[in-house]
Structure formats: structure tokens, C-alpha cells
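Notes follow the structure.
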Amino acid sequence: MKAGIVGLPNVGKSTLFNCLSNAKAQSANFPFCTIEPNIGVVNVPDTRLQKLEELVNPERVLPATVEIVDIAGLVKGASKGEGLGNQFLGNIRETDAILHVLRCFDNENIVHVDGSVNPVRDKETIDIELQLKDLETVDKKLEKVKRAAKTGNKEAQKEEAVLLKIKQGLETGTSVRALDISKEDRAEFVKPLQFITDKPVMYVCNVDEDAATTGNAYVEQVKAAVANENAEVIFLAVGTEADITELESYEERQMFLEDLGLTEPGSAKLIRGAYKLLDLETYFTAGVKEVRAWTIPVGATAPQAAGVIHTDFEKGFIRAEVIAYNDFVSYGSEAKVKEAGKMRVEGKEYIVKDGDVMHFRFNV
């Protein structure tokens, strides 16, 4: 599962990517600096992992990770191949969620591709290009479905109605994710077509250092513009975040953050947001060899969670021994949890809860 960073050229995408992944993607003050997408595997900040480390004192600790893709800047006309449009749109289609970076700072030394700072206009520019690409997709599919619908095929008629609704929405500037379509119809007719504007989105407002703790008027404009989208809006000072990642020690970084009035880097909030956007959650394994966070989709069963460790664990699943994270912390060890009768034995139907500490029994 991966989240793609998108936006106009020169809004801070590659600088943000560098902050998140500590990979040094090229970032420069001119459009199309990024052509091939950069991919970074990013650790998900989780204070629960630190707490388990304190209690278990393992040989190593492994956090959960999420893949972030830095996609080159889109411009007007991308859907018709302007700039490097088709390639960029293909890269976005391959991601599972979108982190849409908007420039929300004034700086005359950094060129804006449209000559002025207006994040709501910038958002609409990108939206239109993505919607036009989705319109191509829906038109192609409708051609086939209409032929089948004319023969009286009930399923095709049902699909045609959903596709026409999508087409009408896109033509009036409404993204697929914002359309009122039933859960069943989305699963059957919408999801297989991989519409770009159906992907979950988070708007990332790139502000200057002065607005790092409170945001600014540009951020408020973005919030008002996306109020009906059921999308999260966060703000962070990407340039300042880049400065923080350059500092050598944890202590130096904390001092820098305190001076700004922040308790943690904004990038940590963004990574957790991306994880949530991708509909992912975490369970833990905790032993003296290692304490580890494992990534699973929300709603995964115990055997599916076991399969993340190794496919044999899922095939030969017998049972899972489960401790709620809060019980592990309040009793202080696995042995004390067992003594208190707080360890549960769960079978194949168990839906894993975020934060469960688990041990699997299997037989292959």
C-alpha cells in the first residue's frame, strides 16, 4: 500500500518527501525537477512501540512502515499530455491514496507556475486534470456497457446507471470520492476501474515557519474549499521540517521543535495520517528477540494478520494468543497479564484490533 505526493510544480513535494524518507530526492526551484517517481519506505511514529520496548527490553525494535511516492508536478493540460502529463497520471493511478501538497506561503524568490499564490485555485487545477483523466476512463467503459445494457442485461443496466452518475459528476467538477454511490455499487462497479479521484486524499498545506503552529489564512481557505469532501487537511512548514531533519541529534531536534512551539515534527503527523488514509492499522509482537509493529488492513482476521509474518503462519493457523495493549502496559509483562487472566485465546474468526499484542500458534 502506498501514498503518492502530488501537486503543482514548486509547492514543496520533493522537499517534503526528503523529510519523510530521509532519501535525498532532487529538489530545485524549477518545474519538472522530478521526472521518475521517487519511492521511500517511511517508519510510522508510534509511542506504543517505545513503551513496549521499555517493558520488554528486546534485542531490536522494528516499527511499522508505509510507502510514500514522490510524483512529479502536474500542470494544466496534463490529462492531454502537457508537461509529462500521461506518465505522471499513470504514476498516481498506481498509488492507493493521495497526499495533495498545496503552497500556502508567500515567497517571491520561489516561482509559482501560475504567477501568484492561490491554494484553492491550485487544488482545482489538479482536480480538473484528474477528473478529465477519469472521464476518459468512464467514457471507455460506458461504450462497452451500453451495448450490453441494450440487449436487456439487467446487470449491465445497473452498471450503466452508476457510470452515468459518475460521468455527470465529473463533468460538473465533482470527484468520484464525493459522489453519493452505495457501498455495494462502489465495490462492484467503481473500485475495479481505479478512478484517480476515488482515491482517499489528504490536503497538506505547506506554510512558512511563522505559521507552523497555527496555520494561516491560506489554510482556512483550503479547509472551506474541501468542507464537503470528507478529507483531512493538515499544515506544516516543509522548509522548517527539512531543517529539523538535517540536525544530527535527537536533543537538537527537540530543542528546535520547542523553539517553534511544537511537540513533534509535522511530518510525524503526516505519516500517521497517510497510514490512516490507507486504512491500515498495527498489531505488535513482543519478545526478548524483538518488539515489532506489523501493518494490516483494518478488519483483518487473526489468520490474515499471522500471514503478514509468514504465509505458513496463515496456512497452518491454529489460534492466536491476544493481549490488549493497555493490559500489557498496566500489568507490565506477558507473565503478569497471564496471571491476571487477561490473555485471550482467539480463533480464525477474530478481527484484530489496533494495538493488539499477539502470539500465533500454527502447524504446517
Side-chain angles (χ1 to χ4, degrees), residues 1-3 41-53 55-56 58-67 95-97 182-192 194 198-200 271-364:
M1 299 288 278
K2 53 192 177 188
V41 178
V42 181
N43 290 341
V44 179
D46 194 331
T47 52
R48 296 173 300 182
L49 199 59
Q50 293 153 358
K51 189 69 189 168
L52 290 171
E53 182 184 5
L55 295 172
V56 179
E59 288 172 24
R60 63 177 185 162
V61 178
L62 293 168
T65 59
V66 63
E67 266 192 21
T95 65
D96 303 287
S182 74
K183 202 174 174 183
E184 295 74 25
D185 285 349
R186 274 191 184 275
E188 194 173 348
F189 306 124
V190 183
K191 211 162 181 56
Q194 284 187 294
D198 192 37
K199 295 179 191 295
I271 295 164
R272 284 197 298 269
Y275 197 68
K276 195 174 155 194
L277 201 62
L278 291 164
D279 215 18
L280 300 174
E281 62 186 10
T282 301
Y283 78 87
F284 301 102
T285 50
V288 288
K289 285 275 181 207
E290 72 173 26
V291 163
R292 182 164 183 166
W294 299 89
T295 302
I296 51 169
V298 171
T301 60
Q304 286 167 340
V308 173
I309 300 176
H310 198 287
T311 50
D312 285 352
F313 282 31
E314 184 171 1
K315 283 178 198 157
F317 179 89
I318 300 169
R319 65 178 185 272
E321 293 165 359
V322 184
I323 302 169
Y325 169 79
N326 288 339
D327 285 340
F328 199 107
V329 170
S330 58
Y331 289 99
S333 73
E334 188 179 312
K336 285 180 181 167
V337 170
K338 280 181 180 170
E339 276 173 36
K342 291 286 185 180
M343 179 186 276
R344 306 189 314 277
V345 174
E346 300 285 0
K348 289 181 178 180
E349 305 301 312
Y350 178 66
I351 304 295
V352 179
K353 293 180 179 64
D354 187 55
D356 277 349
V357 181
M358 305 186 78
H359 182 72
F360 299 103
R361 300 287 179 192
F362 70 100
N363 181 26
V364 176

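The figures that follow rest on heavy atoms only: side chains count, while hydrogens, waters and symmetry mates do not.
In plain terms, the two heavy atoms of Lys336 and Ser333 that are nearest each other are N-OG, 3.1 Å. Closest approach of Ala324 to Arg344, counting heavy atoms only: N-NH1, 4.4 Å. Heavy atoms only, all atoms of each residue included: Leu49 and Pro63 are closest at CD2-CA, 3.4 Å. For Phe328 against Val337, the heavy-atom pair with the smallest separation is CA-CG2, 3.9 Å. For Thr282 against Ala293, the heavy-atom pair with the smallest separation is CG2-CB, 3.6 Å. Here the closest non-hydrogen pair linking Phe317 and Ala306 is CD1-CB, 4.2 Å.
The line from CG of Leu280 to CG of Asp354 is 10.5 Å long, rounded to the nearest 0.5 Å. To the nearest 0.5 angstrom, Ile309 atom CD1 is 8.5 Å from Met358 atom CE. For the atom pair CD (Glu188) and OG (Ser182), the distance works out to 9.0 Å, reported to the nearest 0.5 Å. Between Leu278 atom CG and Asp96 atom CG the span is 6.0 Å, to the nearest 0.5 Å. To the nearest 0.5 Å, atoms CZ (Phe284) and CG (Leu62) are separated by 12.5 Å. Atom NE2 of His359 is separated from atom CE of Met343 by 8.0 Å, given to the nearest 0.5 angstrom.
In this structure, the side chain of Lys51 does not engage the main chain of Val329 through any donor-acceptor pair within 3.5 Å. Looking only at distances, no side-chain donor or acceptor of Tyr331 sits under 3.5 Å from a matching main-chain atom of Ala340. A donor-acceptor pair under 3.5 Å is formed between the side chain of Asp356 and the backbone N or O of Lys353.
Under the side-chain hydrogen bond (donor to acceptor under 3.5 Å, both in side chains) criterion, the residue pairs touching residues 300-323 are Thr301-Gln304, Glu321-Arg361, with sequence neighbours excluded.
Annotation: side chain of Val308 is not in contact with side chain of Phe313 (no heavy-atom distance under 4.5 Å). In this structure, the side chains of Glu59 and Val288 stay at 4.5 Å or more apart for every pair of heavy atoms. Put simply, the side chain of Glu346 does not reach to within 4.5 Å of the side chain of Val352, judged on heavy atoms.
A side-chain contact (heavy atoms from CB on, under 4.5 Å) with Val66 is found for one member of Thr295, Leu277, Val44 and no other, namely Val44.
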Determine whether Tyr275 and Val42 satisfy the following criterion, side-chain contact (heavy atoms from CB on, under 4.5 Å), listing intermediate values before the conclusion.
CA-CA 10 Å; Tyr275 197 68; Val42 181; over 6 Å; no

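Residues satisfying the side-chain hydrogen bond (donor to acceptor under 3.5 Å, both in side chains) test with Asp46, not counting sequence neighbours, are Arg48.
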